[in-house]
There are 2 protein chains.
Amino acid sequence: MTTTAQDLSTPEAALPRLPAHEVIYRQLRDLVLFGDLAPGEAVTIQGLSERLGAGMTPVREALRRLIAEGALVFQGNRRVSVPLLSADNISELILARQWVDPHLALRATERARLSDLNQLRALDDELDVAIARGDLRAYLELNYRFHKRLYEIAEAPILARMADGLWLRFGPSLRVVCGRMGTQNLPDKHKAMLEAMQARDSEAAARAIREDVIQGMEQVRQSLEQSGALC
Amino acid sequence: MTTTAQDLSTPEAALPRLPAHEVIYRQLRDLVLFGDLAPGEAVTIQGLSERLGAGMTPVREALRRLIAEGALVFQGNRRVSVPLLSADNISELILARQWVDPHLALRATERARLSDLNQLRALDDELDVAIARGDLRAYLELNYRFHKRLYEIAEAPILARMADGLWLRFGPSLRVVCGRMGTQNLPDKHKAMLEAMQARDSEAAARAIREDVIQGMEQVRQSLEQSGALC
DNA sequence: TGCCCCAGAATATGATCAAATTATTTCCTG
DNA sequence: CAGGAAATAATTTGATCATATTCTGGGGCA
């Protein structure tokens with residue numbers, strides 16, 4: 001009854017009410033990208049419902065979303081699971097990222113403000129710390145956020161969503177590979193990219209990202225090829 | 001272990017019961033691509049629930065899926081609508097299709113069997129009939145099915161879904177443009193593409209599709225640019 | 001013009017029905 | 001008599017609906 005005037009006094013809590021299905025979606029997304037949800041592992045709606053402490057309906061909606069984005073697949077009749085990537089799938093992903101990521105990097109370089117560059121640099125610094133600590137989870141999350149931030153700076157929402165969708169597909173496999181190899185042997189081209197961006201050399205930035213993508217994806221391909229036959 | 005022999009005897013009638021949310025999804029999808037759901041037009045869940053004669057839950061799930069695919073947007077807090085494309089959006093779509101469509105055409109040419117070619121030719125023939133008849137709805141649907149079939153032949157599921165997602169985004173605008181111009185002035189490069197495929201000249205096929213894409217998309221851009229300011 | 005209240009829409013829960021998978025039992029064969 | 005396969009029973013899971021609750025937007029009143 002008390003029409004509580006919206007409490008705007010807390011500037012940090014700008015998210016007064018987030019729908020449950022949205023919350024569930026983000027939790028599941030993080031679970032797929034960074035969490036313990038391994039490729040091939042099957043989950044049930046009711047299982048997730050209990051695990052996340054929510055009703056079935058929000059879980060169902062979140063699942064529909066993730067399935068539509070390719071992060072999950074309808075495993076046969078009764079289960080959803082993180083998809084296992086075939087060699088052909090990996091080739092497709094490499095091909096697609098090899099095009100879209102450099103393009104976004106190019107646009108981002110043209111549009112980046114100083115604050116954007118600083119944010120990227122800060123993320124990359126945190127990333128180095130995570131690598132040094134051997135913190136796999138933090139590495140995965142920061143690496144993702146680095147690229148995601150780059151997509152946002154490019155101001156190309158449709159291409160950014162395409163790139164984001166691709167990430168959702170290979171993220172789980174990347175996690176598996178990194179878990180096997182440890183965080184030490186994970187070189188990236190972020191430094192070269194940042195330098196190119198600072199120099200406003202879009203072509204060089206695109207080239208650096210392209211190398212970064214190829215390097216990472218080829219690692220995934222090789223690791224999956226030699227280890228899991230059916231992966 | 002023992003592969004329980006599932007009934008594979010009837011490959012055609014394998015869909016005795018389709019979930020309601022799946023049916024709703026397809027209906028809504030067709031409504032967006034070929035139907036009367038115009039860009040900018042807002043719909044409500046309850047409205048769709050009555051219009052399609054289904055409960056709210058399946059409608060909600062279908063909407064989540066379409067929103068995730070970019071076919072619909074969350075208009076503010078209360079409504080969903082077909083998104084209006086900005087000039088920048090169109091540029092992104094052209095850019096993306098210019099890459100992905102030719103690539104799929106190339107792969108399709110390498111893999112196409114004779115039956116595939118015949119199917120494509122049949123679709124294109126029907127398309128000509130639809131144009132001659134001035135049947136806009138049939139034109140839109142056949143044109144889509146022609147390209148979609150091409151995607152399938154390429155046997156690259158991830159790239160195909162990307163291309164399909166792009167179609168969902170510009171389809172509504174294409175419909176508006178074609179509605180304005182009539183079906184007579186809608187040239188395509190399908191004939192050239194089919195010839196190239198038959199000759200197994202993948203590069204030529206890719207080139208033809210690229211021209212087809214550019215031609216169509218530029219028409220959309222120009223039409224929206226000159227007519228609707230905010231489109 | 002500004003504020004408050006109300007109608008309506010969206011979100012979320014729980015229950016119910018149907019389908020499927022799993023476990024158990026029984027029967028047949030070697 | 002023992003082992004296994006097929007059939008059936010039981011539990012689990014998914015799909016849908018009806019309903020309660022919350023929130024937004026608009027209209028009426030001061």
Side-chain angles (χ1 to χ4, degrees), chain A residues 1-10 13-29 31 37 40-68 71-82, chain B residues 1-10 13-29 37 40-68 71-83:
Chain A
M1 239 348 218
T2 60
T3 59
T4 54
Q6 288 213 348
D7 188 13
L8 303 174
S9 57
T10 57
L15 317 170
R17 280 280 172 265
L18 212 51
H21 62 85
E22 181 70 33
V23 176
I24 302 292
Y25 168 76
R26 297 187 187 183
Q27 287 180 359
L28 277 177
R29 191 178 210 273
L31 224 52
L37 215 52
E41 188 178 336
V43 293
T44 66
I45 293 180
Q46 299 190 352
L48 288 175
S49 192
E50 292 179 19
R51 181 171 176 179
L52 301 178
M56 292 179 29
T57 313
V59 173
R60 285 175 67 81
E61 288 181 31
L63 284 180
R64 293 283 166 234
R65 234 175 120 178
L66 287 164
I67 291 171
L72 297 172
V73 285
F74 228 62
Q75 194 80 303
N77 259 336
R78 203 76 171 206
R79 289 184 138 70
V80 289
S81 70
V82 181
Chain B
M1 312 299 184
T2 61
T3 58
T4 54
Q6 294 224 348
D7 186 15
L8 305 174
S9 56
T10 58
L15 315 170
R17 282 190 58 76
L18 213 52
H21 61 83
E22 182 70 33
V23 176
I24 301 292
Y25 168 77
R26 297 186 187 183
Q27 286 180 359
L28 277 177
R29 190 177 209 274
L37 215 52
E41 188 178 336
V43 293
T44 66
I45 293 180
Q46 297 189 348
L48 288 175
S49 192
E50 293 178 20
R51 180 171 176 177
L52 302 177
M56 293 180 28
T57 313
V59 173
R60 283 173 69 79
E61 287 181 32
L63 283 180
R64 294 280 167 237
R65 232 175 121 180
L66 287 164
I67 291 171
L72 297 172
V73 285
F74 229 61
Q75 194 80 299
N77 226 349
R78 201 79 169 206
R79 286 184 140 68
V80 288
S81 70
V82 181

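Quick note on labels: first sequence line is chain A, next is B, and so on, each numbered from 1. Being a predicted model, the structure only gives us computed values, none of them experimental. Just so it is clear, the values below take in all heavy atoms, side chains as well, and ignore hydrogens, waters and symmetry mates.
- At least one side-chain heavy atom of B/Ile24 sits less than 4.5 Å from a side-chain heavy atom of B/Gln27.
- Using a 4.5 Å cut-off on side-chain heavy atoms (C-beta onward), A/Val73 and A/Ser81 make contact.
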Output one letter per nucleotide in nucleotides 8-17 of chain C: B when a protein non-hydrogen atom lies under 4.0 Å from the base, S when only the sugar-phosphate is that close, - when neither is. BBBBSB----

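- Between the P atom of D/dC17 and the CG atom of B/Leu52 lies a distance of 12 Å, rounded to the nearest Å.
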Determine whether A/Leu28 and A/Leu48 satisfy the following criterion, side chain to side chain contact (heavy atoms under 4.5 Å, CB included), listing intermediate values before the conclusion. CA-CA 9 Å; A/Leu28 277 177; A/Leu48 288 175; 3.9 Å; yes

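- With sequence neighbours left out, the side-chain contact (heavy atoms from CB on, under 4.5 Å) criterion links A/Arg79 to A/Ala42, A/Thr44, A/Gln75.
- Of the charged side-chain nitrogens involved, none lies within less than 4.0 Å of a carboxylate oxygen, so that B/Arg64 and A/Glu22 do not count as a salt-bridged pair.
- If you take CG of A/Leu48 and C1' of D/dA15, they are 16 Å apart, rounded to a whole angstrom.
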